[in-house]
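As structure tokens, the structure follows; a few thoughts come after it.
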Amino acid sequence: MTKKERFKKIFPILKDKFGNPKAALEFETPYQLMVAVILSAQCTDARVNIVTKELFKVVKYPKDIREMDLETLEKYIKSTGFYRNKAKNIKLNAEMMLEKYDDKIPKELEKLVELPGVGRKTANVVLGELWNIREGIVVDTHVKRLSNRIGFVKSENPEIIEKELMKFVPKKDWFVYSHYMILHGRDKCIARSPKCNICEIRDYCKYNLDNLKK
DNA sequence: CTCCCGATAT
DNA sequence: ATATCAGGAG
């Protein structure tokens, strides 16, 4: 089976399982979503939501971050890990927002990634979530792991993985596909101990098929 | 490539 | 004890 054929088998199964997924991150304003995604680096979104529940009571726009001192911000977000980097980036990010965009988040990927703390992954999530804009495929740790296990790619480089996936994943599915990878990654294709024996897509997964031979 | 870094599951 | 969690900057 070609990659495209396998994708056509896998995608409907995941679609049937997860439907039309909403982001697990909680937010009210677009700016809050960007902050939440920055916080979600190497951290579960459940943890991010615990932190933002308090933080977003006082932070809704970039000006709210400007008014908050660094130490206070660090205290709010500490439990998400990397808190000093994240706090510093969020402060710098707010300053650039106020200087260039006020509180209107730019809708171009090239401009978004210039904001401190925002990389390609974060930018794609923000654009997709807020305005359904798909400039690429979100490649996070889950997409990376599942793509390699299924046998779609053989690479640890997010940009190479993204290009490879874009060859056979239809553009209209780019955004939901990464959502499905993330959800399925948390549910069955867990990093440490994948539950291949109860996995819905095991018949199309290289990792499972290879293990059966042993 | 390394560093950042707390919380959680195993 | 240790790997892992919706990564980004230098």
Side-chain angles (χ1 to χ4, degrees), chain A residues 14 18 20-27 30 32-56 65 70-71 73-97 105 109-130 132-149 155-162 165 173-197 207:
Chain A
L14 297 179
F18 298 116
N20 208 341
K22 277 293 223 177
L25 295 171
E26 290 160 14
F27 63 97
Q32 286 180 335
L33 174 65
M34 179 168 67
V35 173
V37 182
I38 291 173
L39 292 176
S40 71
Q42 291 298 103
C43 176
T44 61
D45 19 339
R47 170 59 51 185
V48 173
N49 287 334
I50 292 172
V51 163
T52 54
K53 187 176 182 187
E54 297 306 315
L55 180 67
F56 289 171
I65 289 292
L70 186 62
E71 291 71 26
L73 179 57
E74 286 181 349
K75 207 169 280 184
Y76 269 107
I77 68 170
K78 185 169 171 121
S79 70
T80 65
F82 300 165
Y83 67 95
R84 275 192 285 259
N85 277 340
K86 287 174 182 174
K88 189 172 68 182
N89 283 332
I90 289 169
K91 287 291 273 183
L92 293 170
N93 181 301
E95 289 306 317
M96 190 182 287
M97 282 293 295
I105 295 181
L109 188 90
E110 314 84 69
K111 291 185 180 171
L112 261 175
V113 295
E114 286 175 14
L115 289 163
V118 179
R120 200 178 164 79
K121 183 258 162 184
T122 299
N124 270 322
V125 173
V126 170
L127 291 175
E129 196 63 42
L130 293 179
N132 238 18
I133 298 171
R134 293 175 280 263
E135 293 207 29
I137 297 176
V138 174
V139 178
D140 67 346
T141 174
H142 291 290
V143 178
K144 186 168 81 176
R145 185 178 68 255
L146 269 69
S147 298
N148 277 285
R149 279 187 179 162
S155 171
E156 295 297 313
N157 183 317
E159 292 205 21
I160 292 176
I161 296 171
E162 186 177 0
L165 293 176
D173 298 326
W174 284 0
F175 191 64
V176 280
Y177 176 70
S178 24
H179 263 88
Y180 292 162
M181 290 289 105
I182 291 159
L183 294 171
H184 187 64
R186 287 204 285 246
D187 180 40
K188 299 282 160 54
C189 199
I190 298 155
R192 285 204 210 184
S193 54
K195 302 174 179 173
C196 298
N197 55 329
Y207 184 87

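Chain A is the first sequence line, chain B the second, and so forth, proteins listed ahead of strands; every chain is numbered from 1. Both backbone and side-chain heavy atoms feed into the values below; hydrogens, waters and symmetry mates do not.
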Legend entry - dA6(C) versus dA9(B) - spacing of their P atoms, nearest Å: 13 Å
Legend entry - Distance between C1' atoms of dA3(C) and dC5(B) (Å, rounded):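 Pairwise C1' distance, dA3(C) against dC5(B), rounds to 14 Å.
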Legend entry - Those residues that, when tested against Phe82(A), pass side chain to side chain contact (heavy atoms under 4.5 Å, CB included) (two or more places apart):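 Once residues adjacent in sequence are excluded, the partners of Phe82(A) under the side chain to side chain contact (heavy atoms under 4.5 Å, CB included) criterion are Gln42(A), Lys86(A).
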Inset, instruction - Return the value, rounded to whole Å, for the distance between atom CZ of Arg47(A) and atom C1' of dT8(B). - result: 9 Å
Inset, instruction - Please name the pair of heavy atoms, one in Arg186(A) and one in Ala24(A), separated by the smallest distance, quoted to 0.1 Å. - result: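 In this case the closest contact between Arg186(A) and Ala24(A) is NH2-CB, 4.4 Å.
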Legend entry - Minimum heavy-atom distance Met96(A)-Pro116(A), with the two atoms named: CE-CD, 3.9 Å
Legend entry - Ion pair check, Glu74(A) and Arg84(A), cut-off under 4.0 Å: no
Legend entry - Salt-bridge contact Glu162(A)-Arg120(A) (side-chain N to carboxylate O under 4.0 Å):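 Yes, Glu162(A) and Arg120(A) are salt-bridged.
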Legend entry - Whichever of Ile50(A) and Arg84(A) has its nearest DNA chain B nucleotide further upstream toward 5':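 Its nearest nucleotide lies further toward 5', so the answer is Arg84(A).
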Legend entry - Contact state string [nucleotides 5-10 of chain C, B base, S sugar-phosphate only, - no protein heavy atom under 4.0 Å]: BBBSS-
Legend entry - Donor-acceptor under 3.5 Å (Ser178(A) side chain, Phe175(A) main chain): yes
Legend entry - Nearest to side-chain heavy atoms of Tyr83(A), which nucleotide of dC5(B), dT10(B), dA7(B):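 It is dC5(B).
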